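Some notes on the structure that comes next.
Since this is a predicted model, take the numbers as computed values, not measurements. Positions are given from 1 along the sequence. Below, each value reflects all heavy atoms present in this structure, side chains not excepted, and no hydrogens, waters or symmetry copies.
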Amino acid sequence: MSQECIFCKIIAGDIPAKLLYEDDDVLAFNDISPVAPTHILVIPRKHIIGPAALTEADQALTGKLVQVGTDLAAQTGLTEGFRLVINDGKSAGQTVFHLHLHVLGGRVMTWPPG
Ligand code: 5GP
Ligand code: ZN
């Protein structure tokens, strides 16, 4: 846990978030500032700064983030498609330095992303 980390505070219950999913390893909740009709964040309970900080020991956890994100996309009814995004670093648009998977859907996505 990092004292200044917004997502660690959500995990601790110090910042409210309506959880869509939780288990011993990960939790999921709606993004506070959605950029698509469905915008869910899936985060590990473990404070990992971002994908560049992942180690071999985190492989199962990383797979779980993708699995939970994909399951939530199905449960939310995103049958026409969805996008999973993980930003790393300021240039990529990362603003919260606790690893998180964005699940985006409910509208047509363009490529390349901005
Ligand atoms: P990033 O830009 O780091 O990839 O994504 C961080 C995301 O966290 C942003 O989409 C932002 O809207 C979201 N976010 C930041 N603070 C909070 C918060 O307190 N609660 C929730 N639910 N989402 C947050
Ligand atoms: Zn954190």
Side-chain angles (χ1 to χ4, degrees):
M1 156 125 194
S2 161
Q3 298 294 331
E4 302 84 33
C5 174
I6 290 169
F7 288 172
C8 282
K9 287 180 180 169
I10 288 176
I11 292 163
D14 295 338
I15 293 178
K18 185 176 168 288
L19 299 185
L20 303 174
Y21 177 83
E22 71 172 317
D23 64 23
D24 289 345
D25 303 311
V26 306
L27 44 87
F29 47 87
N30 285 314
D31 196 291
I32 201 170
S33 183
V35 298
T38 296
H39 188 170
I40 297 167
L41 300 174
V42 189
I43 70 171
R45 289 185 184 276
K46 181 180 175 186
H47 180 82
I48 300 168
I49 291 170
L54 286 163
T55 69
E56 209 174 330
D58 299 315
Q59 280 183 2
L61 182 60
T62 310
K64 191 165 190 177
L65 288 178
V66 174
Q67 186 65 62
V68 168
T70 300
D71 290 348
L72 285 167
Q75 285 167 29
T76 314
L78 299 178
T79 53
E80 298 297 311
F82 59 92
R83 185 172 288 174
L84 303 178
V85 175
I86 303 179
N87 294 319
D88 190 290
K90 287 195 174 74
S91 293
Q94 188 178 9
T95 57
V96 177
F97 290 84
H98 179 129
L99 178 67
H100 51 281
L101 176 80
H102 297 260
V103 182
L104 299 162
R107 65 167 170 82
V108 174
M109 304 281 163
T110 58
W111 192 264

Single-linkage hydrophobic cluster Ile32~Ile10, side-chain heavy atoms < 4.5 angstrom = no
Side-chain (His102) to main-chain (His100) donor-acceptor, under 3.5 angstrom | no
Find out if a path of hydrophobic residues (ILVMFWY) with successive side-chain heavy-atom gaps under 4.5 Å connects Val26 to Leu54.
-> yes
Minimum heavy-atom distance between Pro37 and Gly106, given as atom pair plus value | CG-O, 3.3 Å
Which atoms form the tightest heavy-atom contact between Gln94 and Gly50, and what is the distance?
-> NE2-CA, 4.2 Å
Derivation of the side chain to side chain contact (heavy atoms under 4.5 Å, CB included) call for Leu27 and Arg45 = CA-CA 7 Å; Leu27 44 87; Arg45 289 185 184 276; 3.8 Å; yes
Sequence neighbours left out, what pairs pass salt bridge (charged side-chain N to carboxylate O under 4.0 Å, His left out) with at least one residue falling in residues 88-114?
-> none
Value rounded to 0.5 Å, distance of NE2 in His39 from CZ in Phe82 = 14.0 Å
Does one hydrophobic cluster hold both Ile6 and Leu19, with members joined at side-chain heavy-atom distances below 4.5 Å?
-> yes
Is there a side chain to side chain contact (heavy atoms under 4.5 Å, CB included) between Ile40 and Leu72 once you walk through the steps?
-> CA-CA 8 Å; Ile40 297 167; Leu72 285 167; 4.1 Å; yes
Any side-chain heavy-atom pair from Phe97 and Glu4 closer than 4.5 angstrom?
-> no
Is there a side-chain contact between Leu99 and Pro51, using heavy atoms and a 4.5 Å cut-off?
-> yes
Would you confirm whether Thr55, through its side chain, and Ala57, through its main-chain N or O, come within 3.5 Å as a donor-acceptor pair?
-> yes
Look only at the side chain of Gln59 and the backbone of Leu61, and say whether a donor-acceptor pair between them is shorter than 3.5 Å.
-> no
Test His98 against Ile11 for side chain to side chain contact (heavy atoms under 4.5 Å, CB included), laying out the working first.
-> CA-CA 11 Å; His98 179 129; Ile11 292 163; 3.7 Å; yes
Find out if a path of hydrophobic residues (ILVMFWY) with successive side-chain heavy-atom gaps under 4.5 Å connects Val66 to Ile48.
-> yes
How far apart are the closest heavy atoms of Leu101 and Gly69, and which atoms are they?
-> CD2-CA, 4.1 Å
For Ile49, does the CD1 atom sit with more than 12 other heavy atoms under 6.0 Å from it, leaving out its own atoms?
-> no
State the OG1-NZ distance between Thr62 and Lys64, to the nearest 0.5 angstrom.
-> 12.0 Å
Transitive ILVMFWY side-chain link Leu84 to Val42, under 4.5 Å | yes
State, with a plain yes or no, whether a side-chain heavy atom of Lys46 is found less than 4.5 Å away from one of Asp58.
-> yes
Could you point out which residue of Asp31, Val35, Thr38 forms a side chain to side chain contact (heavy atoms under 4.5 Å, CB included) with Leu104?
-> Val35
Test side chain to side chain contact (heavy atoms under 4.5 Å, CB included) on Ile43 and Phe29 and set out the steps.
-> CA-CA 9 Å; Ile43 70 171; Phe29 47 87; 3.7 Å; yes
Beyond-backbone contact of Phe7 with Leu41, side-chain heavy atoms, under 4.5 angstrom | yes
